[in-house]
Amino acid sequence: MRQIEQRAVQAYREQFLEEPVLVASAPGRVNLIGEHTDYNGGFVLPCAIDKRVAVAVGHGDTQFYSADFQERCPLLEKRDGSWADYPSGIVWAMKERGFDIPSFQGAFAGDVPLGSGLSSSAAIEAATAIALDALFHLEMVKKDLAVLCQHAENAFVRVNSGIMDQYASLLCQAGTALLIDCRSLEAKPITLNLAGADLTLLICDTYVSRELSATGYNARREACERAAHTLGVRELRDAHLQDLEKLSGEERKRARHVITENSRVLEAVQALQRQDFDAFGQLMYASHRSLRDDYEVSTPELDAFVEIALHSSALGARLTGAGFGGCALALIRSEDAGALVLDVQHCFEARGFTRPEFFSFQPAVGAEFVT
Ligand code: GLA
């Protein structure tokens, strides 16, 4: 059992004075490339990080305990803005699907950084979903659980996210990234073999608050919908570069990002398949420029990280997740990661930015449970 799962089991014992029936956990995710394409019916390429949310569950009067917030919460009938929205949303969505969810209790523990764009919310949803599926023998497949988690996030928590985060948290496999076609929902693992090439993925958490991100995110989605409408296509997935001349202003820039980003994901997959990490890295840099200039979701901190990476030996770097703060990611030779960290720390200090946090990881496995 992982340490984080043991913490959830320990919290369960202390709170509910008995042994749980099972413990499940699900990871946060980082997106390698394919940003703001999921809600346009396009392609994404996330992988799971080795930080997870665990939940120990058993039968009891429905209530939740969070070891991180040291707080007990009842099952919520509607959202109240607390962490309990996420497990409550899953129960709500399962009942809506017609499943009988008898009372149960659960204790959570997690180490996915909160509010950093590493999908701590998808991790708590996915962990709850897989735990309840096992506890009540619902026998849903992971893809359906992911769709159910997204529905809970959209309709119960009322955050208008795409399918990427929940899909990644449930379906990723160790050592691979997951190519998701967000229209057909087909997903294919793509081997990364980073360790074999002495490469690592370095995440920089800029600690820039993502509070305003919901407004910006929704505005981007609306611009994409308007662009698709003007072009007479179902989603921007169906648009081509030559269509851009029929658009202007904001819609044109947003659409250009989505169209070029979808192509970059497919090229990136080909680069990975031939183990051409230099080409892959160049696509990461191009993705960042497009997110900065056309999609306008970067920040001075994220740009600074990518700029420093570009002038170091990093093969590629980009902001990852929705943007508006949060994390950036670099693909770099393992032996060079320490020097990049120092350069970024110096630059951030000199510019008066918040002190960033760094961690490296190897792509981890998606949601699973242990009895
Ligand atoms: C957030 C959303 C995802 C996706 C990304 C941007 O993480 O939850 O669905 O849209 O932003 O790629």
Side-chain angles (χ1 to χ4, degrees), residues 26-49 85-86 89 112-126 146-172 177-183 185 187 203 205-206 208-225 228 235-237 254-255 257-262 264-265 268 283-284 287-288 290-292 294-299 302 318-329:
R29 66 93 190 95
V30 74
N31 191 16
L32 299 184
I33 196 158
E35 222 63 84
H36 292 280
T37 44
D38 61 350
Y39 53 82
N40 287 298
F43 302 101
V44 293
L45 190 67
C47 60
I49 59 173
D85 285 348
Y86 301 103
V112 184
L114 302 178
S116 296
L118 296 171
S119 292
S120 54
S121 52
I124 180 169
E125 289 160 358
V147 171
L148 183 137
C149 288
Q150 188 207 9
H151 180 55
E153 173 117 9
N154 293 167
F156 188 90
V157 186
R158 298 200 176 283
V159 172
N160 207 10
S161 63
I163 188 71
M164 169 169 66
D165 307 343
Q166 291 80 10
Y167 234 69
S169 186
L170 275 147
L171 287 135
C172 277
L178 195 68
L179 170 65
I180 309 168
D181 176 332
C182 299
R183 176 174 284 170
L185 295 186
I203 293 180
D205 187 346
T206 64
V208 174
S209 152
R210 295 172 62 247
E211 265 164 40
L212 286 176
S213 66
T215 329
Y217 186 86
N218 290 336
R220 299 299 180 284
R221 284 189 77 138
E222 284 158 20
C224 289
E225 280 159 23
E235 288 169 311
L236 283 182
R237 150 85 175 258
R254 307 300 186 242
H257 165 73
V258 174
I259 295 168
T260 57
E261 185 79 349
N262 272 327
R264 279 188 289 271
V265 177
L283 290 161
M284 291 175 77
S287 167
H288 184 80
S290 178
L291 287 160
R292 183 191 62 197
D294 277 345
Y295 223 64
E296 297 177 286
V297 291
S298 192
T299 63
L302 294 166
R318 57 186 289 278
L319 72 83
T320 180
F324 309 100
C327 290
L329 170 76

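Counting starts at 1 for both ligands and their atoms, in listed order.
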Legend entry - Distance filter under 4.0 Å to E35 heavy atoms, resulting ligand 1 atoms: 6 (C), 12 (O)
Inset, instruction - Would you tell me which option among Q150, H36, E261 has the nearest heavy-atom contact to atom 12 (O) of ligand 1? - result: H36
Inset, instruction - Could you list the atoms of ligand 1 found under 4.0 angstrom from a heavy atom of M164? - result: 4 (C), 5 (C), 12 (O)
Inset, instruction - State the atoms of ligand 1, each with its element, that fall below the 4.0 Å cut-off from a heavy-atom position in Y39. - result: 10 (O)
Legend entry - Over all atoms of both residues, closest heavy-atom pair of E261 and S287: OE2-OG, 3.0 Å
Legend entry - With H257 via ring pair (Phe, Tyr, Trp, His ring centres under 6.0 Å) - residues at least two apart: Y295
Inset, instruction - Quick one: list whatever passes salt bridge (charged side-chain N to carboxylate O under 4.0 Å, His left out) with R292, sequence neighbours left out. - result: none
Inset, instruction - Heavy atoms only: give me the nearest F43-V265 pair and the separation to one decimal. - result: O-CG2, 3.5 Å
Legend entry - Residue portion contacting ligand 1 (non-hydrogen atoms closer than 4.0 Å) for R221: neither
Inset, instruction - Below 4.0 angstrom from a heavy atom of G162, which ligand 1 atoms are there? Numbered from 1 as shown, please. - result: 9 (O)
Legend entry - Rounded distance [0.5 Å steps], CZ in F324 versus CZ in R220: 4.0 Å
Legend entry - Residue pair C182 / V44: nearest heavy atoms and the distance that separates them: SG-CG2, 3.8 Å
Inset, instruction - For R29, counting its heavy atoms only, list the atoms of ligand 1 lying under 4.0 Å from any of them. - result: 7 (O)
Legend entry - Any N or O of Y217 closer than 3.5 Å to N or O of ligand 1: yes
Inset, instruction - Would you mind listing which atoms of ligand 1 come within a distance below 4.0 Å of any non-hydrogen atom of D38? - result: 3 (C), 4 (C), 9 (O), 10 (O)
Inset, instruction - Report yes or no: does R254 contribute a side-chain atom to a donor-acceptor pair with the main-chain N or O of D294 at less than 3.5 Å? - result: yes
